[in-house]
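The next block holds one structure in the form of structure tokens; read it before the comments.
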Amino acid sequence: MLWDDIAKHAFGLGGGGATMNDMTTAAPPRRGRPRIGLALGGGAARGWAHIGVIQALTEAGYRPDVIAGTSIGAVVGGCFAAGKLAELSDFAISLTKRRVVGLMDFHIGGAGLIAGGRLKRLLERDLTNTRIEALPVRFLAIATELGSGHEIWLTHGPLVEALRASYALPGVFDPVKLGGRWLMDGALVNPVPVTAARAMGADVVICVNLNSDLTGRGTTIQSHAAEPDPEPELDTPPTSRWFGGITGAAKRVRGMVGRPSNDRPGLAGVMIDAFNITQDRISRSRLAGDPPDVMIGPKLGRIGLFDFHRADEAFELGRQATQRVLDEIEVMVASRTVSVD
């Protein structure tokens, strides 16, 4: 696909859209070490592995020059670009199950279960007044426009707002309105933004696919009986849990995130799993069409999408996955290095 064709599908918000020519001419090719681009994928709590990946890359001398992030990948990538990765790491390690629930400001009447105000305030604590175009590392966040389905590349404007739009999981968080567009989670259209990192001028693109451990799922069952299973008996919840206002709704939603003992899927569990399946299928398709130079695939299958309290484990899995491909990165970087006269 030509640059101009790609540009037709990439929209920067605030002051008009940035074209592909704007992006590429703004940063001329470097002499010496090639420009390293990092494409950080979506995957909710599994995204803490991105922190371990960046730590391992930096320690090995491969500090990213360009970052494109989707959803949790945008959060981690944006904090790194702003020089706040250590603060994000400390926050992630401090999380417990109780604190994670406390950050969820459930509300009734919105477009999502969670208003997102508490998370926004946490981001603003370290990133307030930070603008994307002023970051020392080239960065963009991927979002999806509600209605049109456009893939939106957030290349300038307030960093916190871009991150909020990129992780606005449909049905969970309210969509975010930026530049006249209602935006939601970028993983709906581009779960692992390799194309975006390459378009920003990266010579070597390293992607982190948080769902690579799930490869092989989603096969075709060619013959399956349509006989219904016996309906399980359901416990009728107390009236107060359904109609007790926001507090009662929050308790009910928290109970539905997991799978109840009667094995009937809960509402939130169905939404999250459906999103995860869609993201996995889209990732496979897009990576096949535009493969990265190197792919890092942490083995995260045992970490659930809402296991935000398992940051230490995710960090280590990200580091291990990166160390496994360091030789591959070295070869790729060496092949793209331009001699300095």
Side-chain angles (χ1 to χ4, degrees), residues 1-12 17-27 29 34-43 46-47 49-50 53-54 57 62 64-74 76-77 137-145 148-155 166 185-218 276-298 321-322 325 328-329 331-333 335-336:
M1 184 179 291
L2 297 175
W3 292 122
D4 290 340
D5 292 331
I6 299 175
K8 294 177 183 177
H9 302 284
F11 301 85
T19 67
M20 202 60 54
N21 287 334
D22 293 334
M23 291 182 180
T24 54
T25 58
R35 184 179 290 105
I36 294 175
L38 196 55
L40 301 179
R46 295 170 186 155
H50 289 318
V53 169
I54 293 176
L57 286 175
Y62 302 115
D65 305 293
V66 170
I67 296 181
T70 294
S71 197
I72 185 67
V76 175
V137 176
R138 302 197 75 195
F139 172 78
L140 70 75
I142 304 291
T144 305
E145 184 178 17
S148 72
H150 287 321
E151 178 178 335
I152 308 296
W153 294 8
L154 296 163
T155 60
S166 189
D185 201 308
L188 286 167
V189 290
N190 197 349
V192 189
V194 172
T195 301
R198 191 163 281 134
M200 284 197 298
D203 302 307
V204 174
V205 176
I206 302 168
C207 88
V208 183
N209 183 4
L210 300 176
N211 294 312
S212 65
D213 203 25
L214 304 178
T215 298
R217 74 180 253 173
N276 196 37
I277 292 169
T278 303
Q279 179 177 308
D280 176 54
R281 290 296 185 99
I282 296 172
S283 294
R284 288 195 235 170
S285 176
R286 294 203 61 148
L287 290 174
D290 188 11
D293 296 298
V294 178
M295 185 170 79
I296 298 175
T322 305
V325 299
E328 187 179 348
I329 294 173
V331 170
M332 186 59 62
V333 168
S335 69
R336 304 288 174 84

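Atom set for the values below is all heavy atoms of this structure, side chains included, hydrogens, waters and symmetry mates excluded.
Residues passing the side chain to side chain donor-acceptor pair (under 3.5 Å) test with Ser166: none are found, sequence neighbours excluded.
Leu38 contributes atom CG, which lies 11.0 Å from atom CZ of Phe139 (distance to the nearest 0.5 angstrom). To the nearest 0.5 angstrom, Leu57 atom CG is 7.5 Å from Ile36 atom CD1. Taken to the nearest 0.5 Å, the CD1 atom of Ile142 stands 8.0 Å off from the CG atom of Leu154. For the atom pair OG1 of Thr195 and CE of Met200, the computed distance is 11.5 Å after rounding to the nearest 0.5 Å. Thr144 contributes atom OG1, which lies 8.5 Å from atom CG of Asn190 (distance to the nearest 0.5 angstrom). Note that CG of Asp290 is 10.0 Å distant from SG of Cys207, once rounded to the nearest 0.5 Å.
In this structure a side-chain-to-backbone donor-acceptor pair under 3.5 Å is missing from Arg198 to Asp203. In terms of modelled atom types and a separation under 3.5 Å, the side chain of His50 and the main chain of Gly41 share a donor-acceptor contact. Under a 3.5 Å cut-off, the side chain of Asp293 and the backbone N or O of Val205 do form a donor-acceptor pair. With Arg35 contributing its side chain and Gly201 its backbone, the two residues share a donor-acceptor pair below 3.5 Å. In this structure, Ser285 contributes its side chain and Ile282 its backbone to no donor-acceptor pair below 3.5 Å.
Residues Val189 and Arg286 approach most closely at O-NH1, 2.9 Å, considering heavy atoms. Taking each heavy atom of Pro64 and Val137 in turn, the nearest pair found is O-CG1, 4.1 Å. Across all non-hydrogen atoms, the minimal contact from Ala321 to Ile296 is CB-CG2, 3.7 Å. The two residues Ala141 and Ala74 make their nearest non-hydrogen contact at CB-CB, 3.9 Å. Smallest separation of non-hydrogen atoms from Leu210 and Ala49: CD2-CB, 4.3 Å.
A 4.5 Å side-chain heavy-atom check between Thr70 and Leu40 finds every atom pair outside the cut-off. Val333 is not listed as a side-chain neighbour of Ser335, based on a closest heavy-atom distance of 4.5 Å or more. The shortest side-chain heavy-atom distance between Pro191 and Asn211 does not fall under the 4.5 Å cut-off. The side-chain heavy atoms of Ile206 and Ile329, taken from C-beta on, include a pair separated by under 4.5 Å.
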- Message: Let's go through Val192 and Leu287 carefully: what are the C-alpha distance in whole Å and the side-chain angles of both, what is the deciding distance for side chain to side chain contact (heavy atoms under 4.5 Å, CB included) to 0.1 Å, and is it a yes or a no?
- Response: CA-CA 8 Å; Val192 189; Leu287 290 174; 4.2 Å; yes
- Task: List the steps, then state whether side chain to side chain contact (heavy atoms under 4.5 Å, CB included) holds for Ile67 with Val76.
- Result: CA-CA 10 Å; Ile67 296 181; Val76 175; over 6 Å; no
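A donor atom on one side chain and an acceptor atom on the other are found under 3.5 Å apart for Ser71 and Asp185.
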